[in-house]
Amino acid sequence: MTISGIESSFDVNNTQRTYGNRVLSKNFNIPIEEINSGSKVNAPLQAVSNPETGESIEIYQSDVYSEDSPIYIVKGKTAEGEEFERKLNAWIIDTRNCSLAEIMVLNAEVGNTSNADKQRAEIVFKQTGAENYLDKADYSTAMKEVLDDYSKAGNWDSYLSMDKWQQDIKDYTSVQVNFDRGIMQRNGISTDSCSFATLRSIEDIQKEWNDRIIEAAKNNKTSMRDVLKQNHPNAENMKWGFVGSDVEMTFDEFVKYMEDENRKWLQSNKDWLEEKGLWEYVK
C-alpha cells in the first residue's frame with residue numbers, strides 16, 4: 001500500500017519484500033546433483049536447438065525453486081557433442097554479459113515461454129554475433145540494436161512485441177541483488193564477477209531501507225492527489241480502477257478511496273511506525 005507523504009520509499013520497500021530483499025540464499029550452495037531430481041524438472045519450460053551444429057539447450061525449474069531462490073537447471077549439448085548440466089540463479093544474470101541459455105532462463109522466470117518469445121531470444125542471440133548458445137555476449141545492447149532496426153524499417157508490430165519482451169526482462173533484472181558475504185566467500189565468487197550487484201550483509205541492507213523510509217517520511221509531504229497528478233498529467237480526465245476489477249472510478253473517487261485505505265493502513269501499522277519513529281510524520 002502506498003502511503004501519503006512517503007510514497008517512493010514504501011513502494012520500493014514493498015517491492016524488496018516481495019522479492020525477499022534479493023539476497024542470495026543458502027540454496028546457492030546446493031550441488032546440482034542434489035536438486036536435479038525433483039518433480040519440477042520433468043519437462044523443459046524452454047528449449048532451443050540448432051540442427052546444423054547439433055547444439056541444444058533445455059531450461060528446467062529446479063525442485064528447490066521459489067521466488068526467493070529462483071534456481072533453474074540448464075541441460076543440453078554443445079556444438080562439440082558434449083552433454084552438460086548447469087545450475088543458474090535467475091537473480092544473478094547480467095544481460096550485459098550473459099549467454100542465450102541465461103536469456104532463456106530469464107524468459108522462463110518472467111513468463112515469456114511462448115514460441116514467439118523463444119524466437120525473440122534467438123533473434124537477439126544472432127544480433128550479438130555469438131557463435132554458440134553458451135557464449136557470453138552483451139544482450140542488453142543487442143536488444144537495443146534490434147529495436148532500432150525495426151524502428152528504421154517501420155516494422156512496428158515487431159518493434160512493439162520485441163519492446164515488451166525486452167522490457168519484461170529489463171524490469172526483472174533491474175532489481176538490485178545483494179550478496180551475503182558468507183555465501184560469496186563459501187562459493188569463491190569475486191566482486192569483479194558481480195559488478196552489477198552489491199556486496200553487503202543482510203543487516204546492512206535492512207538498515208539502509210529503514211533509514212530511507214525514515215528520511216522520506218520526514219522530508220516528503222506530497223499528497224496522494226499531487227503524486228498521482230505528477231505521474232499522470234491527464235489524471236483528472238482518466239478512469240481509475242484496480243487490476244482484476246471491472247469497477248471504474250473518477251479521479252476524485254479513486255483519490256478518496258486510496259486516502260481511506262491509507263488511513264486504515266496507518267492505523268493497523270501504528271506500532272511499527274512508532275517503533276521506527278515515523279508515526280508523528282504520517283499520522
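What you see is a predicted model; the values in this text were computed from it and never measured. We use all heavy atoms of the structure for the numbers below, so side chains are in, but hydrogens, waters and symmetry mates are not.
K170 contributes atom NZ, which lies 7.5 Å from atom OG of S140 (distance to the nearest 0.5 angstrom). Put simply, CD1 on I169 and CE on M143 are 4.5 Å apart, with the number rounded to the nearest 0.5 Å. A distance of 10.5 Å separates CG of N132 from CG of L100, quoted to the nearest 0.5 Å. The distance from atom OG1 of T113 to atom CG of N107, rounded to the nearest 0.5 Å, is 8.0 Å. Separation of atoms OG (S114) and CD (Q46) is listed at 8.0 Å; rounding is to 0.5 Å. Here E145 contributes atom CD and T128 contributes atom OG1; the two are 9.5 Å apart, rounded to the nearest 0.5 Å.
Considering every non-hydrogen atom in both E58 and A47, the closest pair reads CG-CB, 4.1 Å. For the residue pair F84 and T78, the shortest heavy atom distance occurs at CD2-CG2, 3.8 Å. The two atoms that bring A142 and Q127 nearest to each other are O-CG, 3.7 Å, heavy atoms only. Heavy-atom minimum distance, W91 versus E67: CZ2-O, 3.3 Å. Here the closest non-hydrogen pair linking M162 and Y150 is CB-CE1, 4.0 Å. Annotation for Y72 and E109: closest pair OH-OE1, 2.5 Å, computed over non-hydrogen atoms.
Between the side chain of S62 and the backbone N or O of I73 there is no donor-acceptor pair closer than 3.5 Å. Within the 3.5 Å criterion, the main-chain N or O of T250 finds a donor-acceptor partner in the side chain of E253. Under the 3.5 Å distance criterion, the side-chain polar atoms of S161 are matched with a main-chain donor or acceptor of D157. At distances below 3.5 Å, not a single donor-acceptor pair connects side-chain atoms of D260 with backbone N or O atoms of Y257. For D138 (side chain) and T141 (main-chain N/O), a donor-acceptor pair under 3.5 Å exists by modelled atom type.
Side-chain atoms of D148 and S151 include no donor-acceptor pair closer than 3.5 Å. Judged purely by distance below 3.5 Å, without hydrogens or angles, the side chains of E55 and N50 never pair a donor atom with an acceptor atom. Neither side chain, Q119 nor N115, offers a donor N or O lying under 3.5 Å from an acceptor on the other.
Aromatic rings from Y133 and F125 are positioned such that their centres are separated by under 6.0 Å.
In this structure the side chain of I59 reaches within 4.5 angstrom of the side chain of V74, judged on heavy atoms. Using a 4.5 Å heavy-atom threshold, the side chains of I93 and V105 count as touching. Put simply, the side chain of Y60 does not reach to within 4.5 Å of the side chain of L45, judged on heavy atoms. In this structure, the side chains of T173 and L106 come closer than 4.5 Å at one or more pairs of heavy atoms. When side chains are defined from C-beta on, Q167 does not count as touching W165, because their heavy atoms never get closer than 4.5 Å. Taking 4.5 Å as the limit, some side-chain heavy atom of P70 sits within range of a side-chain heavy atom of N89.
Taking 4.0 Å as the cut-off between side-chain N and carboxylate O, D117 and R120 count as a salt-bridged pair. Salt bridge D168/K164: present, at least one basic N to carboxylate O contact under 4.0 Å.
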Going through the checks in order, is the side chain to side chain contact (heavy atoms under 4.5 Å, CB included) test met by S56 and V48?
-> CA-CA 6 Å; S56 65; V48 61; over 6 Å; no

Start with the C-alpha gap between I103 and V124, add the side-chain angles, then the distance that decides, and say whether side chain to side chain contact (heavy atoms under 4.5 Å, CB included) holds.
-> CA-CA 10 Å; I103 291 295; V124 178; over 6 Å; no

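Partner of E102 under the salt bridge (charged side-chain N to carboxylate O under 4.0 Å, His left out) criterion, chosen from R96, R86, K136: K136.
In terms of the ring-ring contact (aromatic ring centres under 6.0 Å, His included) criterion, residue partners of Y159 (sequence neighbours excluded) are, by chain and number, W156.
Taking a 6.0 Å sphere around NZ of K118, one finds it holds more than 12 heavy atoms contributed by other residues, nucleotides or ligands.
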